[in-house]
Amino acid sequence: MAAPSTVERIVIENCAIATVDANDTEYATGHLVVAGNKIESIGAGKAPEGLENVVRRIDATGHLVTPGLINTHHHFYQWITRGLATDHNLFNWLVALYPTWSRIDESMARVAAQGSLAMMARGGVTTAMDHHYVFPQGSGDLSGAIIGAAKDMGVRFTLARGSMDRSVKDGGLPPDFAVETTEGALAATEETVKKHHDASFDAMTQVAVAPCSPFSISTELLKQGAELARRLGVRMHTHGSETVEEEKWCHELFGMGPTDYFESTGWLGEDVWMAHCVHMNDSDIAAFARTKTGVAHCPSSNARLAAGIARVPDMLRAGVPVGLGVDGTASNESGELHTELRNALLINRLGAHREAALNARQALRLGTYGGAQVLGRADNIGSLEPGKLADFVLWKIDGIGHSSIADPVTAIVFGAAAPVTASFVNGKQIVENNRLLFADEEAIARDARAEAQRLARITAQG
C-alpha cells in the first residue's frame, strides 16, 4: 500500500542498484523512492511520474546504491587501545591487554564508541553492534554511554550487553576487579534490556544478552544468560571456536568441544549468533545449520591474531546464517567494515575452495542481508525492497579508483574503498561526501587521542 501523500518523499535516480533481495535483483540504471523511513518503490529507469510531496531529488549518476552495511561483531572500547600487542596470538594478546582494558571508565567508553561508530558510518555502515563485556567496578554507566553515542550519530544499533564472572583467581584472564558476580551480571543485563531494548519494526536501539567467551565466564552464567534472554525475548551473542587453544581448553575443562558445550548450555538456536567460529568441523557446522545459529565472520581480526580461516563457504552451503564483523580495533585497527567485504572474499580463497570460495555478490550479501539475518532483522533491513526500512548507501564508482571496472558490485568489493557520497538510516541522511553530518570528526579524533593517553597513564600507574 502506498504511503499517504502527506509523507515526505526522496527520489534517487540514474544509479546502478544492487538490491541483495532473494533473487539478487540488480538494475544497471534505476531508481529508489523513499517515503518517510521506508522504501516505497525500486526499479529500472526513472521513478514513477506524479509522486506527491517530493522534498528532494538526487541525480545519482555514477553511483551504485546498495543496502547499508551491517556490522555484527565489535568491541568499541578497543578504539583507544589500537596498535598494541601487534605480534601476539589471541591468548597472549588478551593477557597483554586485559590490564589496560580493565581500567576503562564511562568517559573513555563514550569517546571510544564515538570513534568506532564514526569510522564505520562514514564507510557505509548503517547498522552497528557492540559487544561490551568489560565493566570495571566504579566505572560508571558504560552501556548508557555507548548507546548514547550511537543515538547521537544516527546509526541503527544493537548493544550486546556482555559479562564476565571468571577472573584470574578462577582460572580466567581478566583481573578480579574487572569482572562481575554471576548474579550481578545477570541483574545488570536484565536492567539494560528493560531500559533500552526496542522490539518495534523500525527500532533504532536493541539489546542482546552476551556473556563474553567460554574461558571468561562460568557455565552457570551461560545457562542463566540463555534463560534470561529467552524470557525477555531478545537475542544472544558470544565468542565461539575462535582458536585451537580454545578448542583444547574446552576439551580439557568440559570434556567436549565448544559447539557441543554451547549446545549443552542452551546456546544454539535461531536467536543466537557467535563471533568467529574459525575452528569448526563438519559436525559443528551441521549443528549450526540444524539450529540456524548465526556466525559473525571477522576475517581481518582472525588474520591479525593468526587464528585461522573460518569455513565460510561450507557454512553458507549448509545453510548457516553468516554476517561480517569488524571486531574490536585492537585486533583490526582499520575499524572499517568495507575492508571485511574484500578480505572475506580474498582470505577465503586461500582456503580449501580456492577461487570458488566466494564471489563479489556473496561478499556483499555477507555484509548486508547476512548481517540482518544474524541480528534477527532480515524482515526490515539488509536488502532494498518496498516496505523495508530506508537504510542505504550511495557509493561513487565513476572516480579514478573504480571507473574502469565495468561491473559495479565487483568495483566496490574488489576495488579500493569506494567513496560514500550519501548514507541514509531510517530515511535520514547521516553521511555526505564521506563526512558525518551529526558528529565532529576532528573533535572525536582529539578526544580519542586524549582518552587513549589517559588510559595509558592510568595503566602505567598500576
Side-chain angles (χ1 to χ4, degrees), residues 72-73 75 78 84-98 131 133 162 164 166 168 170-174 210-219 222 237-265 267-268 272-289 293-318 320 322 324-328 330-332 340 343-344 346-354 357-358:
T72 63
H73 186 65
H75 307 296
Q78 292 181 15
L84 305 176
T86 55
D87 302 310
H88 292 52
N89 66 21
L90 176 67
F91 271 53
N92 292 335
W93 176 81
L94 290 171
V95 170
L97 291 177
Y98 263 128
H131 185 193
Y133 53 83
M164 300 186 292
R166 185 194 295 272
V168 172
D170 304 311
L173 296 177
C212 182
S213 59
F215 46 84
S216 60
I217 54 178
S218 66
T219 299
L222 266 183
H237 180 59
T238 191
H239 298 85
S241 300
E242 187 173 359
T243 65
V244 291
E245 290 85 1
E246 178 188 334
E247 176 87 16
K248 180 181 178 182
W249 190 88
C250 285
H251 275 286
E252 289 177 352
L253 198 64
F254 308 122
M256 62 186 90
T259 298
D260 290 336
Y261 174 61
F262 282 127
E263 186 155 34
S264 75
T265 58
W267 271 80
L268 293 187
V272 179
W273 84 104
M274 304 262 185
H276 305 302
C277 299
V278 175
H279 297 279
M280 302 265 283
N281 59 32
D282 290 346
S283 176
D284 297 329
I285 292 174
F288 271 55
T293 303
V295 171
H297 177 43
C298 306
S300 295
S301 176
N302 295 157
R304 157 73 147 86
L305 296 172
I309 303 172
R311 296 173 57 188
V312 172
D314 296 326
M315 294 178 192
L316 293 176
R317 288 185 177 92
V320 176
V322 182
L324 291 180
V326 168
D327 203 6
S331 66
N332 177 7
E340 304 312 300
N343 282 351
L346 297 180
I347 290 174
N348 277 282
R349 287 189 177 190
L350 295 174
H353 296 282
R354 302 184 64 180
L358 292 175

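A pairwise comparison of heavy atoms in L97 and A330 identifies CD1-CB, 4.1 Å as the closest pair. Nearest approach of N302 to G308, heavy atoms of both residues: CB-O, 3.5 Å. Residues M274 and W267 come closest through the heavy atom pair CE-O, 3.2 Å. Nearest approach of N348 to A310, heavy atoms of both residues: OD1-O, 3.0 Å. Annotation for G257 and C250: closest pair C-CB, 4.2 Å, computed over non-hydrogen atoms. Listed here is the closest heavy atom pair of H297 and V322: CB-CG1, 4.0 Å.
Counting only distance, with no hydrogens or angles, the side chain of W273 and the backbone of T72 share a donor-acceptor pair below 3.5 Å. Between the side chain of T238 and the main chain of C212, a donor-acceptor pair closer than 3.5 Å is present. In this structure, the side chain of H279 engages the main chain of A307 through a donor-acceptor pair within 3.5 Å. When atom types are taken as modelled, the side chain of W93 and the backbone of L305 share no donor-acceptor pair closer than 3.5 angstrom.
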Which is it for L90 and E242 under the side chain to side chain contact (heavy atoms under 4.5 Å, CB included) test, yes or no, and what are the steps along the way? CA-CA 9 Å; L90 176 67; E242 187 173 359; 3.5 Å; yes
Working note: M315 + C277, criterion side chain to side chain contact (heavy atoms under 4.5 Å, CB included); need CA distance, chi angles, decisive distance, verdict. CA-CA 10 Å; M315 294 178 192; C277 299; 4.0 Å; yes
Before you tell me yes or no, could you show the steps for F215 and L94 under side chain to side chain contact (heavy atoms under 4.5 Å, CB included), namely the whole-Å CA-CA distance, both residues' side-chain angles and the distance that decides it to 0.1 Å? CA-CA 11 Å; F215 46 84; L94 290 171; 3.7 Å; yes
If you apply the rule side chain to side chain contact (heavy atoms under 4.5 Å, CB included), what do you find for T243 with V278, and how did you get there? CA-CA 7 Å; T243 65; V278 175; over 6 Å; no
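Partners of D87 under the salt bridge (charged side-chain N to carboxylate O under 4.0 Å, His left out) rule, at least two apart in sequence or in another chain, do not exist in this structure. Y261 pairs by the side chain to side chain donor-acceptor pair (under 3.5 Å) definition with T219, not counting sequence neighbours.
Rounded to the nearest 0.5 Å, atoms CG (L222) and CD1 (I217) are 3.5 Å apart. Taking CZ of F288 as the reference point, atom OG of S241 lies at 6.0 Å (rounded to 0.5 Å). The distance from the CG atom of N332 to the CD atom of E340 is 5.0 Å, given to the nearest 0.5 Å. In this structure, CZ in R311 is found 3.5 Å from CD1 in I285, a value given to the nearest 0.5 Å. Between atom OG of residue S331 and atom CD of residue Q78 there is a gap of 5.5 Å, rounded to the nearest 0.5 Å. In this structure, CD in E247 is found 7.5 Å from OG1 in T259, a value given to the nearest 0.5 Å.
In this structure the side chain of W249 never reaches within 4.5 angstrom of the side chain of P258, judged on heavy atoms.
Results of the ring pair (Phe, Tyr, Trp, His ring centres under 6.0 Å) test with H237 over H131, H75, H276 single out H131 as the only residue that passes.
Between H239 and Y133, the ring planes lie perpendicular to each other; the angle is over 60°, past the 30° to 60° tilted range.
Side-chain atoms of D314 and H353 form a donor-acceptor pair, as typed in the model, at a separation below 3.5 Å.
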